[in-house]
Amino acid sequence: MKRLVILSGAGMSAESGIRTFRDMNGLWEEYDVMEVASIEAWHKNPELLLRFYNDRRKQMILSQPNKGHLLLAELEHDFDVRIITQNVDNLHERAGSTHVLHLHGELTKARSTKEPSLIYTLIDPEMKIGDLCGKGSQLRPHIVWFGEEVPEMENAIKLVQSADILCIIGTSLNVYPAAGLMNYTRTAVPVFLIDPNPPVHLPRHVVVIPEKAGIGVALLIKKLKDVAQ
Ligand code: APR
């Protein structure tokens, strides 16, 4: 089976009702992204960040995977599909995808502020000050914030290097190191990009499908039939 690697971003979940980061004049659910998604913000106002991510978690629980997520899960019948997502929601998994790497963390998890290897799956969607890890330190959302390392980057690079086909869906390719992942494909690997507002500076070999994720993945499947033969 050919290996199809997907790199998804916020646009993937837009049709599930989860707002993207850069579509609304840089405001994300009425917040400046930097005020709620940086390590400095956590040090300055941890209550605000816990509240913000509690809201995102509750919104995620009420959201459903969209047609794009569902079609990608179905593609596992015909391709060895590996998803690298910048999204912290669990909509790929809930659609049925079985290989999902979360580059920027997961809303469903918390981790220790002192011992990063202590990661817990949340049962209660509400995190608060005073929730402690097994060693007695405050728990924080398991999210990669601006100013932090991206621990899964090595694994993501390996996946892109192993791709027979790469498809990028719904990301502005503004945030590094994720945006640089497309440069790790082997020579002559077909690269598709699905986005109704595609980034302007793309390498010439990238085949753009200028559609939303739902329609875009359906069109991709048609194109993949040609590539797979
Ligand atoms: N289908 C596909 N793409 C869409 C849709 C849709 N229905 N709606 C919007 N888009 C596209 C936009 O045109 C834009 O190019 O999705 C992209 C979203 O870009 P961003 O909001 O910048 O999101 P993303 O690239 O995922 O952000 C990367 O930045 O804030 C950090 O860590 C956060 O993971 C995030 C990272």
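The chain is numbered in sequence order, starting from 1. Keep in mind the model is a prediction, meaning the values are calculated, not measured. Remember, it's 1-based here, ligands and their atoms both numbered in the order they're listed.
- At a 3.5 angstrom cut-off on N or O pairs, S172 counts as close to ligand 1.
- Enclosure of atom OH in Y184 is not indicated, since only 12 or fewer non-hydrogen atoms of other residues, nucleotides or ligands lie within 6.0 angstrom.
- For ligand 1, one of its N or O atoms has an N or O atom of F21 under 3.5 Å away.
- Judged purely by atom type and a 3.5 angstrom limit, N90 has no side-chain atom pairing as donor or acceptor with the backbone of E93.
- The closest side-chain donor-acceptor pair between T185 and Q161, if any, does not fall under 3.5 angstrom.
- For ligand 1, the atoms sitting less than 4.0 Å from at least one non-hydrogen atom of F146 are 30 (O), 31 (C), numbered in the order shown with element in parentheses.
- Atom-to-atom distance recorded for S13:OG and Q64:CD is 12.0 Å, nearest 0.5 angstrom.
- In this structure, CG on L7 lies 5.5 Å from CD on Q86, to the nearest 0.5 angstrom.
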Please assess D80 against R3 for the test salt bridge (charged side-chain N to carboxylate O under 4.0 Å, His left out), listing each intermediate value before the final yes or no. CA-CA 5 Å; D80 172 18; R3 175 165 285 187; 2.9 Å; yes

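- In K58, the NZ atom is crowded: over 12 heavy atoms of neighbouring residues, nucleotides or ligands sit closer than 6.0 Å.
- Counting atoms of ligand 1 from 1 in the listed order, those under 4.0 Å from a heavy atom of G9 are 26 (O).
- Near A213, with a cut-off below 4.0 Å to any heavy atom, the atoms of ligand 1 are 1 (N), 2 (C), 6 (C).
- Here's the thing with G170: one of its N/O atoms is less than 3.5 angstrom from an N/O atom of ligand 1.
- A donor-acceptor pair under 3.5 Å is formed between the side chain of T113 and the backbone N or O of Q138.
- Summarising the contacts of atom 14 (C) of ligand 1 with T20, D195, N197, the nearest heavy atom is found in D195.
- Residue contacts with ligand 1 leave out A37, since none of its heavy atoms falls under 4.0 Å from the ligand.
- Polar contact with ligand 1: present for A10 (N/O pair, distance under 3.5 Å).
- An N or O contact shorter than 3.5 Å is missing between A14 and ligand 1 by distance.
- For the residues H104, K212, Q86, M12, the heavy atom positioned nearest atom 28 (C) of ligand 1 is part of Q86.
- Side-chain polar atoms of R57 and N54 form a donor-acceptor pair below 3.5 angstrom.
- Ranked by closest heavy atom to atom 24 (P) of ligand 1, the top entry among T171, V144, V33 is T171.
- The shell of residues lying under 4.0 angstrom from ligand 1, judged by heavy atoms, excludes W145.
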